[in-house]
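The sequence lines fix the lettering, A, B, ..., with proteins before strands; numbering per chain opens at 1.
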There are 2 protein chains.
Amino acid sequence: MGLRERKKQRTRDALIDAALDLFLSRGYEATTIDQIAAEVEVSPRTFFRYFASKEDVVLSLTAGEQEILLAELAARPETEPPFTALCQAVRSFLGILREADDAAARRYLRCRKVVHSTPALLGGTMRLVKENERKLVAEVARRLGADPGEPLPRFIVSVFLGVVLACFGEHTLDLAALARRLEDLLTLAERSLRPGWDLPVRPGAAQPAPATS
Amino acid sequence: MGLRERKKQRTRDALIDAALDLFLSRGYEATTIDQIAAEVEVSPRTFFRYFASKEDVVLSLTAGEQEILLAELAARPETEPPFTALCQAVRSFLGILREADDAAARRYLRCRKVVHSTPALLGGTMRLVKENERKLVAEVARRLGADPGEPLPRFIVSVFLGVVLACFGEHTLDLAALARRLEDLLTLAERSLRPGWDLPVRPGAAQPAPATS
DNA sequence: TGTCATCTGTCATGGGCTGACATAAATTGC
DNA sequence: GCAATTTATGTCAGCCCATGACAGATGACA
């Protein structure tokens, strides 16, 4: 990797860290782009060459998170029931976070703290989640051999996201507490739902033919 | 009601209708406050005396919607299981919409169309829903005689909101199609969940003592 | 080293949003 | 009715976010 690439990455990380610092100390709205740029000693214009908007500094992390979840779901075996696969995918995500670089994990938690304490950012996060939801529904539908417009795939993803957001929407200080709360709610979900609820009603269609597209 | 009040209400409605017109024809981002204000023949400054922000024109309707849902839930009998009460509350909401003034119903549907086609507004809407979610959880917890922090009330509301958003997040042209889709998903939910899943695990605590506070 | 691509800073602009102040209108009390 | 008070509106000025255009600086590569 060339010098240019490394410099860019350093500037980007510096902007994120400076922004998170300011957001946490003065608040999101009270922080201006000029202040963030001054902290990193770049021009305000440069800020917008790294991030599309002020909220994008924080949301870019969430977007990456959503991509990982989708990738982990795609990596689950085809034979796994959809809801189980979703649960395993989010567990994998937490595992990745646990094994990640300390600075990255710290950034993630601080980012979540800012999001949680700023209504505007919460809205932006939900927008990203909603966009990813469509992809999750599509993947679940594919696994079920169903159409993405049908109620079942949508319902499965709804229940899953409901549980996940119920955890991630909390003030969470550390990953361990987050994981514990997640397991609590997933256990509750499994206790509450009938066995086989996330499989097609017809047992004959339980072996979905992989789409050739 | 005095003349002043009536004039205010007329200006407010005119601003909403003009904004929706422009948002639907030119798009949300492409529409400026100046254009909306010019359409109603008021100064741009006056716009902000009626609405806190550009998105607030649309979101104020959603906020009212959330309040109605909460009120309808509070009006359900205490003996009803929580999830049933939530389902009945959203059915009541649709009923209110059906019986409402034509202009109001038209505004609601056009508003939803704009929200659905504008990511930024979708985020704002989700923010409002999230804020209302806390109140719903609190009410469900009260009915269960549980603490709002416990997993069960949260899970119940999650499943409910998941279903509702799965419906309201669709392109819906008319109220009938919306109601049909809602019933589809609620039926699916009831088929998927174990009987009594939304009641406390201890049968002895099934008769929650109404909080005296 | 010299050329090229890319990054960065400066400047200018538009649009969202807010505060301050003056004007016009409606409401209230006489 | 008429004055006094309250409230809505318009005008002006300004901050901040965001974007386009252009020029200068810096790393990449032959």
Side-chain angles (χ1 to χ4, degrees), chain A residues 1-16 18-23 25-60 63 114-115 118-125 127, chain B residues 1-16 18-23 25-60 63 114-115 118-125 127:
Chain A
M1 187 188 291
L3 170 60
R4 191 169 247 157
E5 289 290 322
R6 274 180 287 142
K7 267 185 126 173
K8 269 177 67 176
Q9 191 59 49
R10 251 189 297 148
T11 303
R12 186 185 166 85
D13 286 348
L15 281 171
I16 292 180
L20 287 177
D21 277 343
L22 291 166
F23 292 166
S25 58
R26 312 183 188 189
Y28 176 75
E29 270 87 19
T31 303
T32 69
I33 305 286
D34 285 26
Q35 291 167 1
I36 302 171
E39 203 74 22
V40 188
E41 295 185 299
V42 292
S43 78
R45 187 67 184 87
T46 294
F47 175 92
F48 287 105
R49 291 204 175 88
Y50 283 87
F51 302 100
S53 67
K54 187 176 168 184
E55 69 172 10
D56 190 39
V57 189
V58 177
L59 264 46
S60 61
V114 174
V115 168
T118 310
L121 291 177
L122 193 64
T125 301
R127 176 170 54 79
Chain B
M1 185 190 290
L3 170 62
R4 192 172 248 154
E5 289 290 322
R6 273 179 288 143
K7 267 183 126 174
K8 269 178 67 176
Q9 191 58 51
R10 250 189 298 148
T11 304
R12 187 184 165 85
D13 286 348
L15 281 171
I16 292 179
L20 287 176
D21 277 344
L22 290 167
F23 292 167
S25 58
R26 311 184 187 188
Y28 176 76
E29 269 88 19
T31 303
T32 69
I33 306 285
D34 286 24
Q35 291 167 2
I36 301 171
E39 203 75 20
V40 188
E41 293 184 300
V42 292
S43 80
R45 187 69 184 85
T46 293
F47 174 92
F48 287 105
R49 291 203 174 90
Y50 282 88
F51 302 99
S53 65
K54 186 177 167 183
E55 70 171 9
D56 189 38
V57 189
V58 177
L59 263 46
S60 62
V114 174
V115 168
T118 311
L121 291 177
L122 193 65
T125 301
R127 176 171 53 78

Which pair of heavy atoms, one from [X] and one from [Y], lies closest together, and at what distance?
X        : Y        : answer
A/Leu59  : A/Thr125 : CD1-OG1, 4.0 Å
A/Ala120 : A/Glu29  : CB-OE2, 4.2 Å
B/Phe51  : B/Ser60  : CE2-OG, 4.1 Å

Measure [atom1]/[X] against [atom2]/[N] and give the value in whole Å, please.
X       : N      : atom1 : atom2 : result
A/Phe48 : C/dG9  : CZ    : P     : 14 Å
B/Leu59 : C/dG16 : CG    : P     : 16 Å
A/Arg6  : D/dA28 : CZ    : P     : 8 Å
B/Asp34 : C/dT13 : CG    : P     : 18 Å
B/Glu29 : D/dA18 : CD    : P     : 12 Å
B/Ile33 : C/dG14 : CD1   : C1'   : 13 Å

Exercise. Do B/Arg49 and D/dG10 have a side chain to base donor-acceptor pair shorter than 3.5 Å?
Worked result: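 Indeed, a donor on one side and an acceptor on the other fall under 3.5 Å apart.
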Exercise. Ignoring hydrogens and angles, are the base of D/dA8 and the side chain of B/Arg4 linked by a donor-acceptor pair under 3.5 Å?
Worked result: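 Answer no: no donor N or O sits under 3.5 Å from an acceptor.
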Exercise. Does the side chain to side chain contact (heavy atoms under 4.5 Å, CB included) test come out yes or no for A/Val57 and A/Phe47, once each step is laid out?
Worked result: CA-CA 9 Å; A/Val57 189; A/Phe47 175 92; 3.2 Å; yes
Exercise. So, is A/Lys7 close to the C/dC7 phosphate, meaning a side-chain N or O under 4.0 Å from OP1 or OP2?
Worked result: no
Problem set entry | Phosphate-side-chain proximity, A/Tyr50 and C/dC7, N/O vs OP1/OP2 below 4.0 Å |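 Looking at the OP1 and OP2 atoms of C/dC7, neither is under 4.0 Å from any side-chain N or O of A/Tyr50.
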Sugar-phosphate, base or nothing in reach of [X], heavy atoms under 4.0 Å:
X       : answer
B/Ser43 : base
B/Phe51 : nothing
A/Phe47 : nothing

Exercise. Closer to the 5' end of DNA chain C via nearest nucleotide, is it A/Glu5 or B/Glu5?
Worked result: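 That would be A/Glu5.
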Exercise. Which residue lies toward the 5' end of DNA chain C, B/Ser53 or B/Leu3, if each is placed at its nearest nucleotide?
Worked result: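 Between the two, 5'-proximity favours B/Ser53.
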With the side chain of [X] defined as its heavy atoms from C-beta on, choose the nearest nucleotide among [options].
X       : options                : answer
A/Lys54 : D/dA8, D/dG27, D/dA18  : D/dA18
B/Arg45 : C/dC7, C/dG16, D/dC12  : D/dC12
A/Thr32 : C/dG16, D/dC16, D/dA18 : D/dC16

Exercise. Just by modelled atom types, is the B/Gln35 backbone N or O under 3.5 Å from a matching donor or acceptor in the B/Thr32 side chain?
Worked result: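 Yes; judged by distance alone, with no hydrogens or angles, the pair exists.
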